[in-house]
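Structure first, commentary second.
Keep in mind that this is a model prediction, so the values were computed, not measured.
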Amino acid sequence: MTHAPDSPAPRPAGARRGRPPSNTLSRARILDAAQAVLEGEGPEALTLRRLGADLGSNHTAVLRYFSGKDDILLGLAERLIAEAVDGFEPGPAWRDTLTGLARRVRRACLAHPALAVLVASRVSRRDAEFRGADLVIGALREAGFGPEEAARSYRALVDVALAMSSFEAASAVLGGAEREGDRMAWQREYLAASPQRFPHLAAVAPFLARADEDDQFEFVMDLLLNAVEARAGQGE
């Protein structure tokens, strides 16, 4: 007896219906499901039981691929970094490399704000993170830093880029009314600040209203890279 090519193959005798077998799981599928829950419903909804249900498997099967929820979060942190460094090549000069990487980190965080808020501060200790570290440290060595100063500068650059990006991501996951209220505060309450009580603030308030997130990120990274450049070649 034959069956049409597009129809399901006959089920072997005794085969169970319902959930697919746990061997259909993979690290990538589990991370896909975890990211979907996190971005759709928030970190509180992300549990092993929920992942098992979404994957059509017993939640204990997830533990064959990850040691626990925290290991899954580290896997998601790795994904975020991988998105930032995937396909990246160093620029023609060390400063171009560091600027380009910082912008990529920010772009990845803003593409997945709920994920960034949760995992941007984590140390994933996996290949994508190692590649990012190698690129940054290589650029710093090109700038003239010795090993110790390159290590210190690497930590500072990465922490600032991730801190700014995750701070912006935290704003992105706020409700629309709260986010708009915070954004408009620069153009309303700050502009209306009393010159008698807050003379210095009132003097610069119009400029505070003009600065946006793009401008602030570029400005801070430029300040930091200027400091790095000033220290380059000074020795350990």
**Asked** Which heavy atom of Pro90 sits nearest a heavy atom of Leu135, and at what distance?
**Response** CG-CD2, 3.8 Å
**Request:** Supply the atom-to-atom distance Leu115 CG to Ser166 OG, rounded to the nearest 0.5 angstrom.
**Result:** 11.5 Å
**Request:** Determine the minimum heavy-atom distance between Gly91 and Thr97, stating which atoms define it.
**Result:** N-OG1, 2.8 Å
**Note, Leu46 side chain near Leu73 side chain (heavy atom, < 4.5 Å)** = yes
**Item:** Hydrophobic cluster identity match, Leu224 and Phe145, side-chain contacts under 4.5 Å
**Value:** yes
**Request:** Could you tell me whether the side chain of Glu189 reaches within less than 4.5 Å of the side chain of Met184, counting heavy atoms only?
**Result:** no
**Request:** Using distance alone, with no hydrogens and no angle criterion, decide if Asn58 and Arg49 have a side-chain donor and acceptor under 3.5 Å apart.
**Result:** no
**Item:** Side-chain ion pair, Glu83 and Arg107, N-O less than 4.0 Å
**Value:** no
**Cys109 SG to Met164 CE distance, which is reported to the nearest 0.5 Å** = 11.5 Å
**Message:** Is there a continuous path of hydrophobic side-chain contacts, each under 4.5 Å between heavy atoms, that joins Phe66 to Leu48?
**Reply:** yes
**Asked** Can you check whether Ala120's main-chain N or O pairs, donor with acceptor, with Arg122's side chain at less than 3.5 Å?
**Response** no
**Prompt:** So do Leu157 and Leu225 actually touch side chain to side chain, heavy atoms under 4.5 Å?
**Reply:** yes
**Item:** Worked verdict on Asp32 versus Arg27 for salt bridge (Lys or Arg N to Asp or Glu O under 4.0 Å)
**Value:** CA-CA 9 Å; Asp32 285 344; Arg27 288 180 65 88; over 6 Å; no
**Message:** So which atom in Ala150 and which in Ile137 form the shortest heavy-atom distance, rounded to 0.1 Å?
**Reply:** CB-CG2, 4.5 Å
**Item:** From Leu55 atom CG to Thr24 atom OG1, the distance as rounded to the nearest 0.5 Å
**Value:** 8.0 Å
**Prompt:** Rounded to the nearest 0.5 Å, what separation is found between the OG atom of Ser67 and the CG atom of Leu74?
**Reply:** 8.0 Å
**Prompt:** Within a strict 4.5 Å, meaning less than it, do heavy atoms of the Glu213 and Ser171 side chains meet?
**Reply:** no
**Prompt:** Taking NZ, NE, NH1 and NH2 as the nitrogens, is one of them in Asp214 or Arg106 under 4.0 Å from a carboxylate oxygen of the other?
**Reply:** yes
**Message:** Hydrophobic cluster membership, with links at side-chain heavy-atom distances under 4.5 Å among I/L/V/M/F/W/Y: are Val160 and Phe167 in one?
**Reply:** no
**Item:** Electrostatic pair Arg79-Asp86, nearest N-O below 4.0 angstrom
**Value:** no
**Message:** Please determine whether a side-chain nitrogen of the Lys or Arg among Glu149 and Arg152 lies less than 4.0 Å from a carboxylate oxygen of the Asp or Glu.
**Reply:** yes
**Message:** Are Met221 and Val85 linked, directly or through intermediate hydrophobic residues, by side-chain heavy-atom contacts shorter than 4.5 Å (ILVMFWY only)?
**Reply:** yes
**Message:** Please report the interatomic distance CG(Leu51) to CZ(Arg29), rounded to the nearest 0.5 Å.
**Reply:** 11.0 Å
**Arg126 to Asp71 - nearest heavy-atom pair and separation** = NH2-OD1, 2.7 Å
**Message:** Which residues end up grouped with Leu223 if you chain together Ile, Leu, Val, Met, Phe, Trp and Tyr wherever their side-chain heavy atoms are less than 4.5 Å apart?
**Reply:** Phe219
**Asked** Taking NZ, NE, NH1 and NH2 as the nitrogens, is one of them in Asp127 or Arg131 under 4.0 Å from a carboxylate oxygen of the other?
**Response** no
**Item:** Atom CZ of Phe217: over 12 foreign heavy atoms under 6.0 Å
**Value:** yes
**Request:** Considering non-hydrogen atoms only, spot the tightest contact between Ala61 and Leu25 and give its length.
**Result:** CB-CD1, 3.7 Å
**Message:** Using the rule that Ile, Leu, Val, Met, Phe, Trp and Tyr join whenever any side-chain heavy atoms are under 4.5 Å apart, tell me whether Ile30 and Leu38 fall into a single cluster.
**Reply:** yes
**Request:** Tell me, yes or no, whether the heavy-atom count around Arg155 atom CZ, taken from other residues, nucleotides or ligands under 6.0 Å, exceeds 12.
**Result:** no
**Item:** Pairs touching residues 72-94 that satisfy ring pair (Phe, Tyr, Trp, His ring centres under 6.0 Å), sequence neighbours left out
**Value:** none
**Complete:** Heavy-atom nearest pair, Ser124 first then Glu78, reads OG-OE1, 3.2 Å
**Request:** Working to the nearest 0.5 Å, report the span between CG of Asp134 and CD of Glu129.
**Result:** 12.5 Å
Enumerate donor-acceptor pairs with a distance under 3.5 Å from any side-chain N or O in residues 196-210 to protein atoms, sequence neighbours excluded.
residue: Gln196; atom: OE1; partner: Ser194; partner atom: OG; Å: 3.3

